[in-house]
Each structure stands twice: as C-alpha cells, then as structure tokens.
Amino acid sequence: MSVVKVAVLQTELYWQDPEANRQQLAGQIAALGGQDLIVLPEMLTTGFSMDSAAVAEPAGGETLRWLKQQAASSGAAVCGSVAVKEQGQYYNRLYFVTPKGESFQYDKKHLFRMAGEHHAYQAGTERVVVPWRGLRFCLQICYDLRFPVFSRNRNDYDVLIYVANWPAPRRLAWRTLLAARAIENQAYVIGCNRIGSDGNGVDYSGDSLVIDYLGQPLADGVERATVLQAELDGAALQQFKDKFPAYLDADTFEFTTTRKHE
C-alpha cells in the first residue's frame, strides 16, 4: 500500500466572496509542492452561509472548474465543499478532484439545524468513498462528525476526511471526536477547519488535525493561517490491523435513510 502525502490548508475565508477565496487559496496551493492530496475547508468560496439562493453555484460551475485547474497544476488531488444548486435543490457538496480531471462528489447528509442548514440545503443520502493513490478516502463534512454510525468503517476505507466550519466554542468536541473516529474505525482521519470570524460573527479556532489509526496527531493546527503536512502510510495501517484486527468483531448493521427535506 502507498504512502500518501497530505497538505491541509487552515485559512480564513472571505465572507460570501468566491473570487477572493479562490485567489487566496490558489496562492496557498501554488506554494506547495510534492503533495498527493490537498484538503480545503467547508464552503471554501463563501464561508458557512445559509443564504443558499444567493451563494450557490450551478452544479459543475466555476469552483469545480477551478478545483480541476488547481489539481492539474499542483499534481495533487484537491478537495473541499461548496454550495451548489442542482435541479432546483441546494446542496453543501464536497468535491474531490484529481489531476486528470476526474471528480467525485459527496452531499452533506447531516445538516446543522442549529444554524438552519436543514432549511437552506437538501440533505444527501449516499456515503462516498474515493480510491486515490493506493488508499481509500471516505468523504464527510463538519456536522457529520457527530454521527458515528454513518462513518462506521465497513473495511471499505482507510482515511476519513472532514472539511469543516466548526466554531471555536465547541473546539473540544471537534478534537475529541476526530480522535474517536480514528480509533474506533482503525483509520487515518483528516480534519480541515477554518480560522477567523464569519459574516454572522461566529469565531473559528482552526484546530485542524491529521490523526493516525491509534488516535495520535500527526499534524496539529493552531489559531492562525497554516498548512499542516503529514504522510499516511497504508502499509503501516494494514500491519496494525493485521496485528489488532478489532474490525473483525464489529457489529453488523444495515444503514438506511428515508428522510427527505422539502
């Protein structure tokens, strides 16, 4: 199995200003080199805006094209979420784009009702796992972190990715749950959070993390703009699972979803 080099961009976001955010992130991506995967925050072009009608792009719109450009120029897969409109519905959609222009998408399932996200966006229903350079990446967004059944490893992924706008007052929950997801799923976990304040006056502390399958931080963000870098060693993960195969004793279950937001 491969070693995948990861860069996590912990940055402030301009409120509801897609072009400014794309320019800022493009400069940060251009400064990197030799990465296999670059992870950007949730709603990377706007911040966590509930004005979906104003900020959402058409599916396959400008930011997806921009992500493909960034992946091609950097030689790394690039992922992050953006508000999109498709067939009359709005989604908080996480794109994972490869240098060859392949794109995968995951629509956020657990919508943050405390901010009214369930009124502004449609919930996704499908879990998405992307194979990339020898490892399998399960795509998740922010509030999904609180729901372990949805992210339960069925021996179908090696890495969990959480892109987020997770507020500073709940930073302990963020850090604790990221470690818990790594330990219980015997997987690497990447958590990419923003910093600064948004247009609603919500503060963000960063605390981006890359955590190994033992729950140990490989890279830990602080409260400033920074790039976290780490290596995800697939062979080491498999050796640990061979030695300590707790996943073989995991409970079996069938996950179903029927809720549709109107």
Side-chain angles (χ1 to χ4, degrees), residues 2 4-49 52 54-87 90-108 124 128-142 159 161-165 190-196 208 210 225-232:
S2 303
V4 174
K5 296 181 178 179
V6 176
V8 178
L9 273 58
Q10 178 171 287
T11 186
E12 193 162 1
L13 297 174
Y14 295 98
W15 184 244
Q16 298 185 172
D17 191 339
E19 185 57 31
N21 284 308
R22 286 191 293 261
Q23 289 183 7
Q24 171 184 244
L25 290 165
Q28 295 173 11
I29 292 170
L32 300 172
Q35 305 299 318
D36 297 299
L37 173 64
I38 300 169
V39 184
L40 311 178
E42 177 184 19
M43 290 196 177
L44 64 96
T45 58
T46 61
F48 193 56
S49 173
S52 52
V55 303
E57 302 179 10
E62 180 61 29
T63 298
L64 179 58
R65 292 191 291 272
W66 176 84
L67 286 167
K68 290 181 178 181
Q69 293 169 357
Q70 298 306 309
S73 62
S74 67
V78 182
C79 69
S81 94
V82 62
V84 301
K85 183 178 182 180
E86 184 173 36
Q87 296 182 348
Y90 299 99
Y91 298 91
N92 184 349
R93 178 166 292 173
L94 173 55
Y95 285 117
F96 186 110
V97 179
T98 75
K100 292 184 178 181
E102 301 169 290
S103 65
F104 304 85
Q105 64 187 45
Y106 161 69
D107 292 331
K108 186 178 183 180
V128 176
V129 176
V130 178
W132 177 241
R133 295 196 173 166
L135 295 180
R136 300 164 298 171
F137 295 82
C138 183
L139 309 182
Q140 306 269 283
I141 302 175
C142 202
V159 186
I161 297 177
Y162 290 95
V163 302
N165 278 204
I190 300 168
C192 178
N193 194 28
R194 62 162 293 178
I195 59 168
S208 298
V210 182
T226 189
V227 177
L228 284 67
Q229 298 189 50
E231 294 186 355
L232 311 182

> Tell me, do V6 and V159 make a side-chain contact under 4.5 Å, heavy atoms counted?
Replying inline: no

> Hey, what do you get for CD (Q140) to OH (Y162), rounding to the nearest 0.5 Å?
Replying inline: 4.5 Å

>> Looking at every heavy atom in both C192 and P41, which two are closest together, and how far apart are they?
In response: SG-N, 3.6 Å

> What do the steps show when you test L40 against V163 for side chain to side chain contact (heavy atoms under 4.5 Å, CB included), and what is the final call?
Replying inline: CA-CA 7 Å; L40 311 178; V163 302; over 6 Å; no

> Which atom pair, heavy atoms only, marks the closest approach of E57 to V82?
Replying inline: OE2-CG2, 4.0 Å

>> Taking Y14's backbone N and O only, do any of them form a donor-acceptor pair with N21's side chain (distance below 3.5 Å, no angle check)?
In response: yes

>> Main chain of S208, side chain of N193: is a donor-acceptor contact present, judged purely on distance under 3.5 Å?
In response: no

> Cut-off 3.5 Å, side chains only: do Q24 and E12 have a donor facing an acceptor?
Replying inline: no

> Would T45 and W66 count as a side chain to side chain contact (heavy atoms under 4.5 Å, CB included) if you check the C-alpha gap in whole Å, the side-chain angles of each, and the deciding distance to 0.1 Å?
Replying inline: CA-CA 11 Å; T45 58; W66 176 84; over 6 Å; no

>> If you apply the rule side chain to side chain contact (heavy atoms under 4.5 Å, CB included), what do you find for L232 with L37, and how did you get there?
In response: CA-CA 10 Å; L232 311 182; L37 173 64; 5.8 Å; no

>> Evaluate I161 against V130 for side chain to side chain contact (heavy atoms under 4.5 Å, CB included), listing each step before the verdict.
In response: CA-CA 11 Å; I161 297 177; V130 178; over 6 Å; no

> If you look at every heavy atom in I38 and S74, which pair is closest and at what distance?
Replying inline: CD1-OG, 4.0 Å

> Once you round to the nearest 0.5 Å, how far does CD of Q229 lie from CG of L9?
Replying inline: 9.0 Å

> What's the shortest heavy-atom distance between L13 and L44, and which atoms?
Replying inline: CD2-O, 3.5 Å

> Closest heavy-atom contact between P99 and A77?
Replying inline: CD-N, 3.9 Å

> Which word best sums up how the rings of F96 and W132 line up, parallel for under 30°, tilted for 30 to 60°, or perpendicular for over 60°?
Replying inline: perpendicular

>> Is there a side-chain contact between S81 and M43 in this structure, where contact means two heavy atoms from C-beta onward sitting under 4.5 Å apart?
In response: yes

>> For E231, give me all partners under salt bridge (Lys or Arg N to Asp or Glu O under 4.0 Å), at least two apart in sequence or on another chain.
In response: none

>> Less than 3.5 Å apart, any donor N or O on the side chain of T63 or R22 sitting next to an acceptor on the other?
In response: yes

>> For residues 96-108, which residue pairs pass the side-chain hydrogen bond (donor to acceptor under 3.5 Å, both in side chains) check, not counting sequence neighbours?
In response: E42-K108, R93-D107, T98-E102, Y106-D144, K108-E117

> Less than 4.5 Å apart, any side-chain heavy atom of C79 and any of L139?
Replying inline: no

>> Minimum heavy-atom separation for Q28 and T11, please, with both atom names.
In response: NE2-OG1, 3.2 Å

